[in-house]
J.: 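Below is the structure I would like to discuss, written out as structure tokens.
Sequential numbering from 1 along the given sequence is applied to the chain's residues.
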Amino acid sequence: MKLLLDSTRCQGYGLCQEPAPELIDLDEWGYAQVRGNDVPQGGEDAAAEAVAACPNSALRLVK
């Protein structure tokens, strides 16, 4: 499973990082940066919560 970020949609709210801090970093302005695209085993739920938390649908999961 891969966690993908459309950086053009990210508005820097930072809501995605709270459920998945091991998958997502925030830059100095609060914009999301995915740590690699592959979701590690056991991280699927956190990734799904991060996707759901994004108000601009900037994140998505792909199998």
J.: Rounded to the nearest 0.5 Å, what's the gap from CG on Leu59 to CD on Glu49? Could you check?
T.: 13.0 Å
J.: Provide the closest heavy-atom pair for Pro19 versus Ala46 in the form atom of the first, atom of the second, distance.
T.: O-CB, 3.4 Å
J.: Do Ile24 and Leu3 touch side chain to side chain, with heavy atoms closer than 4.5 Å?
T.: yes
J.: For Ala32 and Leu5, work out which heavy atoms get closest and say how close.
T.: O-CD2, 3.1 Å
J.: Kindly give the heavy-atom pair with the smallest separation between Tyr13 and Pro55, and that separation in Å.
T.: CD1-CG, 3.4 Å
J.: How long is the straight-line distance from SG of Cys10 back to CD of Gln33, given to the nearest 0.5 Å?
T.: 9.0 Å
J.: When you measure from the side chain of Glu44 to the backbone N and O of Gly42, does any donor-acceptor pair fall under 3.5 Å?
T.: yes
J.: Spell out, yes or no, whether Val51 and Val34 are grouped together once hydrophobic residues are joined by side-chain heavy atoms under 4.5 Å, including indirect joins.
T.: yes
J.: Is any side-chain heavy atom of Asp6 closer than 4.5 Å to one of Asn56?
T.: no
J.: Taking the side chain as every heavy atom from C-beta outward, state whether Lys2 and Asp38 have any atom pair closer than 4.5 Å.
T.: yes
J.: Just how far is it from atom CG of Asp25 to atom CZ of Arg35, taken to the nearest 0.5 Å?
T.: 4.0 Å
J.: What pair of heavy atoms forms the shortest contact from Val62 to Arg60, and how long is it?
T.: CG2-NH1, 3.5 Å
J.: Mind checking whether Leu4 and Asn37 have side chains closer than 4.5 Å, heavy atoms only?
T.: yes
J.: Side-chain contact test, heavy atoms from C-beta onward, threshold under 4.5 Å: evaluate it for Pro40 versus Leu23 and give yes or no.
T.: yes
